[in-house]
Amino acid sequence: MITTTTRQHTLRGHLPGRRSPRAAGSVEHQAMLAARLTARDRWILALLHEHRVLTSSQLQDAAFPSGRSARQRLRDLYLWRAVSRFQPFRQRGSAPMHYVLGPAGAAVLAAEHGLEVKELGYRHDRAMGIAHNQRLAHTIGVNDFFTALIAHTRTTRGEALVAWWSEARCARHFGDLVIPDGYGRWRTTAHDIEWFLEFDTGTESLTKVGRKLIGYARLADATGIATPVLIWLPTTRREAGARTALARVHADLDNRHAVPVATAAADQLSPRTAHPSPAEAVWLPLTTAPTDRAGPRYTLADLPDAWPGLPPPADPATPDEDTEVAAAAPYRLPPPSPIPPPATPNRLAR
């Protein structure tokens, strides 16, 4: 028997300590954020704007030393409405919290670049709309790929992820020919390697996966730049089928050397490593026989050795490269660095 009832107005109450939407848009709230947001906080806001949604575990891998520190700081950002969050439904267990850019965070990001919020192309309802998007799992998978590389960068010397472009940024640059799921650049003491990522979740037909190489061949022909295409698949079995489809299309290309291809499967990652990542020896170049599952497999740093004739990527500092300008323009913010700034001591962070 119910002896006490919950009043309706209490169900609509704000989380204690969280700013109301009206208060979060005030000048006073922006002044408060100026005193409390650290360089790492602002980097997280830029990352969320670029890549749409990141989970708590991904943000921990990218920027925090522990789960506890990640939860505490992300809670602060949520209370200040710098970020918003949601938790997707799962049949078993519970999904991690998913974070998107919040209204106050968008205002900070716009002001930082001398723009209006509308010039960011930001709307809170659209940002939260990713929660119901059918491509949510795919977007999270792509972001998991790159944040795992960031975690590897933070724990390994001599190797670093120095560029990470979102699918939307790739579409603005190359969308008339091909739309990669992401672009990355890996730097070692010996050399750099850049690549386009195709992240396969197992839902597309293998024929469609193979035909994507035609678009990359057109891009290489138009730019004169041979950029490797890395295809990440969920299982080794799926990888074997994909390699057969890829080899069939690759063999018919006019200039096969302009489209270097390598595949890897998620179940190749070693569970014994502290931070399993695509930087491990999981990559199998397409020059290997399509039916060869055993290898040799390369690390991400050693992949250029599989293509001896591949020219090194251009220096990103050269003026001839077709990149975003350093200064922000309406709807065109520069890509954030994949490497987070150093954490601010707790005494100053709060």
Just by modelled atom types, is the [Y] backbone N or O under 3.5 Å from a matching donor or acceptor in the [X] side chain?
{"X": "Asp192", "Y": "Arg185", "answer": "no"}
{"X": "Arg40", "Y": "Pro340", "answer": "no"}
{"X": "Trp43", "Y": "Ser337", "answer": "yes"}
{"X": "Thr153", "Y": "Leu161", "answer": "yes"}
{"X": "Arg52", "Y": "Leu136", "answer": "no"}
{"X": "Asp200", "Y": "Val209", "answer": "no"}
{"X": "Tyr122", "Y": "Leu101", "answer": "yes"}
{"X": "Glu50", "Y": "Arg169", "answer": "no"}
{"X": "His191", "Y": "Ala301", "answer": "yes"}
{"X": "Glu119", "Y": "Glu116", "answer": "yes"}

Donor-acceptor pair between [X] and [Y] side chains, under 3.5 angstrom:
{"X": "Ser205", "Y": "Thr207", "value": "no"}
{"X": "Thr236", "Y": "Asp267", "value": "yes"}
{"X": "Glu280", "Y": "Thr273", "value": "yes"}

field: Check against side chain to side chain contact (heavy atoms under 4.5 Å, CB included), Tyr183 and His173
entry: CA-CA 11 Å; Tyr183 163 84; His173 279 264; over 6 Å; no
Is the shortest heavy-atom distance from the side chain of [X] to the side chain of [Y] under 4.5 Å?
{"X": "Arg135", "Y": "Glu167", "value": "yes"}
{"X": "His275", "Y": "Arg154", "value": "no"}
{"X": "Pro96", "Y": "Arg90", "value": "yes"}
{"X": "Pro228", "Y": "Pro304", "value": "no"}
{"X": "Thr139", "Y": "Asn133", "value": "no"}
{"X": "Pro180", "Y": "Trp165", "value": "no"}
{"X": "Leu230", "Y": "Leu300", "value": "yes"}
{"X": "Trp164", "Y": "Leu47", "value": "yes"}

How long is the gap from [atom1] on [X] to [atom2] on [Y], to the nearest 0.5 Å?
{"X": "His49", "Y": "Leu109", "atom1": "NE2", "atom2": "CG", "answer": "6.0 Å"}
{"X": "Lys212", "Y": "Leu246", "atom1": "NZ", "atom2": "CG", "answer": "10.0 Å"}
{"X": "Ser57", "Y": "His98", "atom1": "OG", "atom2": "NE2", "answer": "8.0 Å"}
{"X": "His152", "Y": "Trp186", "atom1": "NE2", "atom2": "CH2", "answer": "4.5 Å"}
{"X": "Thr189", "Y": "Glu159", "atom1": "OG1", "atom2": "CD", "answer": "8.0 Å"}
{"X": "Tyr298", "Y": "Trp283", "atom1": "OH", "atom2": "CH2", "answer": "14.5 Å"}

message: Any salt bridge linking Arg218 with Asp221? Criterion: basic side-chain nitrogen under 4.0 Å from a carboxylate oxygen.
response: no
- request: Begin from the C-alpha positions of Asp61 and Ile150 and carry the test side chain to side chain contact (heavy atoms under 4.5 Å, CB included) through to its verdict.
  value: CA-CA 7 Å; Asp61 287 344; Ile150 296 175; over 6 Å; no
field: Trace of the ring pair (Phe, Tyr, Trp, His ring centres under 6.0 Å) decision for Phe174 with Phe196
entry: CA-CA 11 Å; Phe174 319 113; Phe196 294 121; 5.3 Å; yes
- prompt: Quick one: which of Thr201, Thr203, Asp181 gives a side-chain hydrogen bond (donor to acceptor under 3.5 Å, both in side chains) with His138?
  reply: Asp181
field: Chi angles and distances behind the side chain to side chain contact (heavy atoms under 4.5 Å, CB included) call for Tyr99, Leu54
entry: CA-CA 5 Å; Tyr99 289 88; Leu54 292 164; 5.5 Å; no
- prompt: Ile339, Leu45: one ILVMFWY side-chain cluster at the under-4.5 Å cut-off?
  reply: no
message: Check for me, please, whether Leu48 and Val117 land in the same ILVMFWY cluster - side-chain distances under 4.5 Å, paths through other members count.
response: yes
query: Please walk me through it: do Trp80 and His29 pass side chain to side chain contact (heavy atoms under 4.5 Å, CB included)?
result: CA-CA 8 Å; Trp80 300 334; His29 186 68; 4.1 Å; yes
